[in-house]
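Sequence lines set the chain letters: A, B, ... in the order given, protein chains first and strands last, and positions in each chain run from 1.
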Amino acid sequence: MKKIKGINDFVVKFANVNGTGSASANHLFAKAIFRMGIPVSPRNIFPSNIQGLPTWYEVRVSAKGYLGRRGGVDLMVCVNPQSMEKDVASVEPGGYFVYDSTKPLAPHLKRDDIHYFGIPFTQMCMREYPNPRLQQLLKNVVYVGALAAFLDIDFSVLKGLLNDQFKGKERLISSNVHALEMGYHYARDHFKCPLPIRLKKGGNSAPHIRESEHILMNGNTAAALGAIYGGATVAAWYPITPSTSVVDAFSQYAERMRIDPGSGKRNFAVVQAEDELAAIGVAIGAGWNGVRAFTATSGPGLSLMSEFLGLAYFAEIPVVLIDVQRSGPSTGMPTRSQQSDILAAAYASHGDTKQVLLFPATPRECFDMTADAFDLTERLQTPVILMSDLDLGMNDWMSPPLEWDDDYQMDRGKVLDAQQLDEVEKWGRYLDVDGDGICYRTLPGTHPDKGAYFTRGSSKNEMAVYSESGDDYVQNVDRLLRKFETAKKYVPRPKTHDPIPVKNPKTDLKLGALFFGTSASPSYEAVEMLAKEGYPIDTMRIRAFPFHASMDAFIHSHDLVFVIEQNRDGQMRRLIINECEIPPGKLVSVLNYSGTPITARKIARIIRETLQSDDAKANVVPLHSETV
Amino acid sequence: MKKIKGINDFVVKFANVNGTGSASANHLFAKAIFRMGIPVSPRNIFPSNIQGLPTWYEVRVSAKGYLGRRGGVDLMVCVNPQSMEKDVASVEPGGYFVYDSTKPLAPHLKRDDIHYFGIPFTQMCMREYPNPRLQQLLKNVVYVGALAAFLDIDFSVLKGLLNDQFKGKERLISSNVHALEMGYHYARDHFKCPLPIRLKKGGNSAPHIRESEHILMNGNTAAALGAIYGGATVAAWYPITPSTSVVDAFSQYAERMRIDPGSGKRNFAVVQAEDELAAIGVAIGAGWNGVRAFTATSGPGLSLMSEFLGLAYFAEIPVVLIDVQRSGPSTGMPTRSQQSDILAAAYASHGDTKQVLLFPATPRECFDMTADAFDLTERLQTPVILMSDLDLGMNDWMSPPLEWDDDYQMDRGKVLDAQQLDEVEKWGRYLDVDGDGICYRTLPGTHPDKGAYFTRGSSKNEMAVYSESGDDYVQNVDRLLRKFETAKKYVPRPKTHDPIPVKNPKTDLKLGALFFGTSASPSYEAVEMLAKEGYPIDTMRIRAFPFHASMDAFIHSHDLVFVIEQNRDGQMRRLIINECEIPPGKLVSVLNYSGTPITARKIARIIRETLQSDDAKANVVPLHSETV
Amino acid sequence: MSYIKPKFRHPRLQKNALGFTVADYDGAISTLCAGCGHDSISAAIRNACFESAIPPHRIAKVSGIGCSSKMPTYFLGKSHGFNSVHGRMPSVATGASLANRALTYIGVSGDGDTASIGMGQFIHLIRRNVNMTYIVANNGCYGLTKGQDSATADLGSVAKGGAVNPFDGIDLASLAILQGASFVGRSFSGDKEQLEPLIRAAMAHNGFAFIDVVSPCVTFNNHTGSTKSYSNTREHLEPMALDFVPMREEIRTQYAEGSTQSVTLHDGSVIHLHKADSGYKTDDRMGALNAIQSGNDADRILTGLLYLDPNSKDLNTNLNLATRPLNELGRRELCPGSKVLDSINEGLR
Amino acid sequence: MSYIKPKFRHPRLQKNALGFTVADYDGAISTLCAGCGHDSISAAIRNACFESAIPPHRIAKVSGIGCSSKMPTYFLGKSHGFNSVHGRMPSVATGASLANRALTYIGVSGDGDTASIGMGQFIHLIRRNVNMTYIVANNGCYGLTKGQDSATADLGSVAKGGAVNPFDGIDLASLAILQGASFVGRSFSGDKEQLEPLIRAAMAHNGFAFIDVVSPCVTFNNHTGSTKSYSNTREHLEPMALDFVPMREEIRTQYAEGSTQSVTLHDGSVIHLHKADSGYKTDDRMGALNAIQSGNDADRILTGLLYLDPNSKDLNTNLNLATRPLNELGRRELCPGSKVLDSINEGLR
Ligand SMILES: Cc1ncc(C[n+]2csc(CCOP(=O)(O)OP(=O)(O)O)c2C)c(N)n1
Ligand SMILES: Cc1ncc(C[n+]2csc(CCOP(=O)(O)OP(=O)(O)O)c2C)c(N)n1
Ligand code: SF4
Ligand code: SF4
Ligand SMILES: [Mg+2]
Ligand SMILES: [Mg+2]
């Protein structure tokens, strides 16, 4: 029977029941691999429920540093009888299935193309530990021990991690280590270890992995730190998965880093609002009054915020919104990932609006872009929305370490203080003095007689006086368009890389791929796969809306551009067509919207099929051919 | 000095102060012209305030039956000193200015290219009427009397109207008639009447006007009647200009037409909700439970409804929403018109959604489409949004009379009753038995053991069981797309007309124009103007989203298509590009977003300039030329 | 995960007046945490519907979003249900009730769903006196989003992480009474003797019947320091017992002379209240508010039927709605026909 | 359109402790209907700020949408103002107050803005005890959308068209008291003697100060049959007079022995209440609720300072917020710098 082989290159998946403490054991497993210097990307796939339902943890190990999902499972660890049938079925032929053999495996779960390893986890723990909670918790550690044997995990790394985790609690450390060893020895004693898939420290990692120091963290924590470093002082939110941990983390860091050393008082405020309308209302009120304020939410919250987002756009109030996207529409699948709020965010609210969006792809970018978002929102005096998602926000990602330039100066934008107000000749809140669509604002309480004005969501003239004149209205909204143009100068540019050399290209079309956020990693991987197959594809990673001019150029200089994203309707593609005036036929959607992150294999398959289909050949006229 | 001339073809504008009762006098004026059989289109231009601010009433008289705004004013009646300067300035050279000469005209208000007629309205009324309220009210009637002289209004028609209005209140009739006469005689005695612009009964109206019986009514009332005839029984709303009168009218008609004759009880329910979220929630709850329910709102309400619209889309609940659009974003200009909620409505809510939209252009269509909307929403099991606007909803429009087919049967869509449930073999709420994406639903209380299911905004399988499976999710949302395809079969088709013959065309480009709603009338007019100038333009009036295939064909068969609409961002154009996969360069925006309705002159000007610009010539490659 | 299991085999076979067994009122297997108070409320609703012999398919269940709002899936599997959006069930229930006044409506919500995001709709639902039973499974926290304090968390209550709540908790029962709710009860998920008759009475009531049920969250809010834990609630409970006797049914229990007070509902059913010495009057709004407050002052949670207006006029009555459900009306009743339209046209010429 | 005109020339020239004249507290010319109650409230706010000598630029005005919410344009032209969206001013005010605790916040709303669409936010604003003065100009209708009944319209009140309101009106003052507001007053736009000191006291109060002001809508709700008309309100008014004496200012009026009761606010200013025989206690929540209810029962509208917790802890205090306004903090206080980040990175390896 075939055996899947591979050093530092495979997918392990755990099938657990939620609420049984498996998360920390699974994390231990992933982090140990990470500490061995081997690229790893773990993903939690959990139900919208608190206890008792199936939950999975998928760990991809990839020497090349591919952090997106690959697709398929090489080794399954199943300790959940509820899902076992599905779990058995999902293993790749030649793969491995580790299960709790306390009960014998049901005959219908036997496949003859995969390898079974039964370990009586429950029995072992019942024998070993007196209380049921401990039995449940340590069972998870036992299977990690077994995996250490199966995959050759450095045992000292595991111990080191337990030491870090339970610092000072010796009893806990030793019971955990004991559980690890129990699993390890059982596996060693009963099976041939290690398996043909296994780990090797400092093995064959790609240069970009070997050369850079990495951290392992989730995007929500990174965004929270970005808000801390970016100087946010007011956070208002309403709990909603998967954005909840953004403000949780912000609060925790702020409690450590934002306490006034003299008085012990807080240099920040966190308000758990009564709903999302209130959450963004608080942030807007705070932004109006001169602090950096933000809120974090997910789909349903974004919908609820749309009236307020229209106000902030039209009344030009700085506010940052972190949208950690999940599967929509409506309640959808709250614990599954998607990139499906693009249009809802870009055009949030009735009337003519355009909102500034940022698309981070790594925790490092969650950090940088959140911090930047505060500069941007104050510079542009318009909401800035960070478009993260569950996959990025709640899973641990390898990421370059966070960096901070201590010379950073906050860009508070065009705010006049008392002295400037005294000096300025003629001030009007909406006078476009600089021609960039951005006007000078003032804060309440600044000056005894100058600079007071009325902020409103209704139409006004340049002097901020209420006006229903059509001319005033048009002047104002045209200026807002001008400002949106200006925004292009400030938002992060898209990223391109040198093309991958392809020896015998199978096509003479100039191909490109556009993607963003969590679609990026698997897209890069798919492009490499396709390059090997003879399809050279240039890439551009979108990092912000409004789009930079170089994106138009990219599209125009390619015959066919794949837009890779995780929603049903190809929302980013639509936004591009809308805003860049691109012939739609040029842009081909590559979509995944099942709720679990898109895989490199799927991307490659769709692109390959498109290129091989007659349609593509018929419809696309190469730019560089002679026919036109 | 030039004098503007014209029979049945001019624009009269009244400048009043709001809250002074001018509305009914102005209406009397417009209605009299209408009763004389001369096409007329009046428009109220009023502030977002209750009393004391400038308000205007613009009446276009057009023998040809052009009902859109033409642009410019030929005769201004100004009784508001606040706005007089602006009002004087807005008269076309050679035009006429009627003003209250109780106070002499300020010298700076004198133009030497228009004709002044001072009438001491205030003085006359002070002399004539004892109480101040009467003085104020009847002053308005006096100027209508003067206009009767100036423009040759049939006096008996005016009297007839007063008789209708004050039926039974003889005192009121005679005092009004007296006021009319006072104005009439003053004008007759002091000026040469009629003016070179004037009315002529049964004059030179266009055939389509002469041949058809017309009514004069506003779109909101028509929509309300559509809801009555369409069988709506639950209306929930929250007051907001300009949609308020939809439910007001519905209530009033229902009080007359929907009272159970036996018990005197109501066969309908109207709920003034606490806000828009609640309003649509009530309608959704009612729709789920098997009645035809609707809500009406405007921009800010639409934003607030977006979460619920996502629910109704995803949980497939019939509900009708009447969006009477106003100027956005945010509070914007509440009493000004726009067509700027297109994108917000089409993609309402986070996640992947597409909503069915209807675009009425006349009160008759407000009636028909609202009634149809209830069939559509139940047939499609998805929200249907009627996209009206302030101009259509709140102004009186000439319209073909409302018609009803007494053989009409409500299409309640696929709802299984108890007997059908007994007969059906395997029922699952989301089983796509017919392959059209529309499944069979059941209503609460129908059958003792069959057909009960759980409705939810979260993901489920075909049997309506909660599911987080990616496959179930994808199957479900793909089916929703299929359903949206099906919708194309049911929604109203776009309208085309025979092309206008053009003698010596100035272009060999095949030109088209797309428009909808209140942009239609002035667009047709502009196209006629341009045809005379040598530019042949085919037209298509959009009446629904999803778009019908014939629209794709229309666009493909033209070299250049103008998309005429009333918003800043060309939202309909974007929607077309998005959904029809059209090369954007083919579609040229013709926009107006000042809050007052787009004029034929402006449309013609923009199209003319576009066609004359070098850009157009350079960019457009005629389809029928030989070069490709 | 826990399943509402019968304590004895026997009662599950017993039939009610309509011939249904209690199993006919079961729902799907619960996916809530084992021991969650919400499961006891589900059982109480199931039992109440069984006891009151309401045909399951004539009940409609509505809820918002939350662990509590998942409950309707776990009882009455033969009834239609609607999990709407977070905090907005009141409006959905209002619409449903208008569409078909002949069904019995049970709304289930959480303290987050009602007292935070749903506060506005809740108050206006009361104001409209929609004919339904509205149960809040009150655990002082947001269970489904992992335990944040809700707006009903008591001042000084300690969260699992140790944080002390600095805000006053909203007392939904007092609020409902002040806002004019026509039926207000309070109970405890662990007190089925009181909760079941209370639910039966609520369903029989003609108008909005509100029941605030303390329902501990074993996963996030059942520790020492939490004021909504099982132990804290049990310790501070001050229950007023009651019995519900449907119309034309005989009183099964015999009470000590003078210890019982009775209220007759509009449909003829009777509620017996057992608390002789309290002198508690269920029809006195201010009295009820004062009693709740006195309870609070003495650190006691008063439970039972707190307020009842037996003459309550529900929304359907207030709107003078036709007796026949609106969703049964057809073209004949609804569509005025072409003649009427012609005359309307006439008026517009 | 009406302009808040001074009755005498003299007072407009008088200067307050800061040297400002009352004209320094004027706003733009009102565009409300002549005679609208709201204009009197604007004048009262202007006068209160003048009397209390608050520098105009240290006040921030916030409102929602409605005729009432337009008011902030018509007073305090030297203050920043923010007309937000309908019903959501409370959240905007909360954010503003957190951003700069050193300013005085005045929120103006309507009964539609607060009791309908804004109900949820209003209750949570109370719960948070945000340090601001919140005035509802209560006319029982939606003025700006042309006179529909609002949620405070009284049961049985007759609308201009003749329709009788079938719903109970929400009493915002009672609601605020029950929900724990730390300062609750009620007044009448026509009673400037009472309203002005009430506003001054509210501004001096440390926490959420709510004033419900009956403010007749002359255009849509001032007819016979309306319970919020000038005449009806005047007839049923039961005012408790009061005086506000800022810290360190001498009492200017002399009252009959025993007829006055005083409350000292946290900043040392004093409120004198004149109603010898009522025995009304401003620090008794249930007492206040009962008194309001008794008033209602006797068809009297009790006005004055209804409830006050002089020891109120506002949101800033509860959140242990720094004394220095958050909007004055800079990079030094806010940004932990690269070293801290390095150590965080360390923990993530
Ligand atoms: C609009 C919106 N915001 C937030 C959420 C996330 N959410 C789901 S349940 C819940 C709170 C539930 O609390 P509660 O109603 O008390 O129910 P419990 O789980 O405690 O029973 C929240 C905030 C959501 N689903 N929708
Ligand atoms: C979201 C939204 N819904 C509706 C409206 C329309 N609207 C404007 S003011 C108003 C009611 C105002 O009533 P109230 O607050 O009592 O103020 P008043 O005019 O009576 O002073 C409404 C419904 C709006 N502006 N925004
Ligand atoms: S989290 Fe709490 S409320 Fe939710 S099911 Fe578990 S115990 Fe119940
Ligand atoms: S409509 Fe009423 S509330 Fe509005 S300004 Fe006029 S009187 Fe005042
Ligand atoms: Mg809860
Ligand atoms: Mg009002």
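When all heavy atoms of B:H350 and A:S303 are compared, the closest pair comes out as ND1-OG, 2.7 Å. Here the closest heavy-atom approach between residue A:G332 and residue B:F314 is recorded as CA-CE2, 4.1 Å.
With a 4.5 Å cut-off on non-hydrogen atoms, A:Y593 touches chain B through its backbone and its side chain both. B:T596 does not touch chain A: none of its heavy atoms, backbone or side chain, sits under 4.5 Å away. Looking at A:Q571, the atoms closer than 4.5 Å to chain B (heavy atoms on both sides) all sit in the side chain, from C-beta outward. Contacts of A:Q338 with chain B are made by side-chain atoms alone, with heavy-atom separations under 4.5 Å and no backbone atom involved. Interface remark: A:L277 contributes side-chain atoms only to the contact with chain B (heavy atom separation under 4.5 Å). Only the side chain of A:R573 comes within less than 4.5 Å of a heavy atom in chain B; its backbone stays farther off. Contact annotation for B:Y466: only side-chain heavy atoms (C-beta onward) come within less than 4.5 Å of a heavy atom of chain A. Looking at A:L311, the atoms closer than 4.5 Å to chain B (heavy atoms on both sides) sit in the backbone and in the side chain alike. Looking at B:Y313, only its side chain comes within 4.5 Å of chain A, counting heavy atoms on both sides.
Under the rule for a ring pair (Phe, Tyr, Trp, His ring centres under 6.0 Å), the partners of A:F545 that lie at least two apart in sequence or sit in another chain are A:F484, A:F547. Qualifying ring pair (Phe, Tyr, Trp, His ring centres under 6.0 Å) partners for B:Y238, counting only residues two or more places apart in sequence or in other chains: D:H86, D:Y142. Scanning for salt bridge (Lys or Arg N to Asp or Glu O under 4.0 Å) contacts around A:E316 gives A:R479, A:K483, with sequence neighbours left out.
Taken from CZ in B:R336 to OG in A:S469, the straight-line distance is 9.0 Å, to the nearest 0.5 Å. Within the model, atoms CD of A:E307 and OG of B:S306 stand 10.0 Å from one another, a figure rounded to the nearest 0.5 Å.
Annotation: B:E85, atom CD; neighbour count of heavy atoms from other residues, nucleotides and ligands within 6.0 Å does not exceed 12.
Among B:V477, B:T331, B:N578, the residue making the largest number of heavy-atom pairs under 4.5 Å with chain A is B:N578. Between chain A and the options B:A344, B:G310, B:G328, B:G457, the largest number of non-hydrogen pairs under 4.5 Å is found for B:G457. Of the residues considered (A:T353, A:L309, A:L587, A:N476), A:T353 shows the highest number of contacts with chain B, using heavy-atom pairs under 4.5 Å. Across A:A315, A:G595, A:G351, A:G470, the residue that shares the most heavy-atom pairs under 4.5 angstrom with chain B is A:G351. Heavy-atom pairs under 4.5 Å with chain A peak, among B:K354, B:K86, B:Q325, B:K460, at B:K354. The most heavy-atom pairs under 4.5 Å with chain B, out of A:P300, A:S459, A:S349, A:P583, come from A:P300. Between chain A and the options B:N567, B:D472, B:L481, B:D471, the largest number of non-hydrogen pairs under 4.5 Å is found for B:L481. Counting heavy-atom pairs closer than 4.5 Å to chain B, the top-ranked of the candidates A:D478, A:L575, A:I342, A:L302 is A:D478. The candidate with the highest count of non-hydrogen atom pairs below 4.5 Å against chain B, out of A:V474, A:L343, A:T335, is A:V474.
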B:L480 vs A:R568, side chain to side chain contact (heavy atoms under 4.5 Å, CB included): CA-CA, chis, key distance, verdict: CA-CA 11 Å; B:L480 293 178; A:R568 183 192 68 180; 3.8 Å; yes
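Applying a 4.5 Å heavy-atom cutoff, the residues of residues 43-50 of chain A that approach chain B are A:F46, A:P47, A:S48.
Residues A:R574 and B:R574 fail the side-chain proximity criterion, which asks for heavy atoms closer than 4.5 Å. For the pair A:P584/B:P584, a side-chain contact is recorded, criterion being any heavy-atom separation below 4.5 Å from C-beta on.
Counting only distance, with no hydrogens or angles, the side chain of A:D352 and the backbone of B:D569 share a donor-acceptor pair below 3.5 Å.
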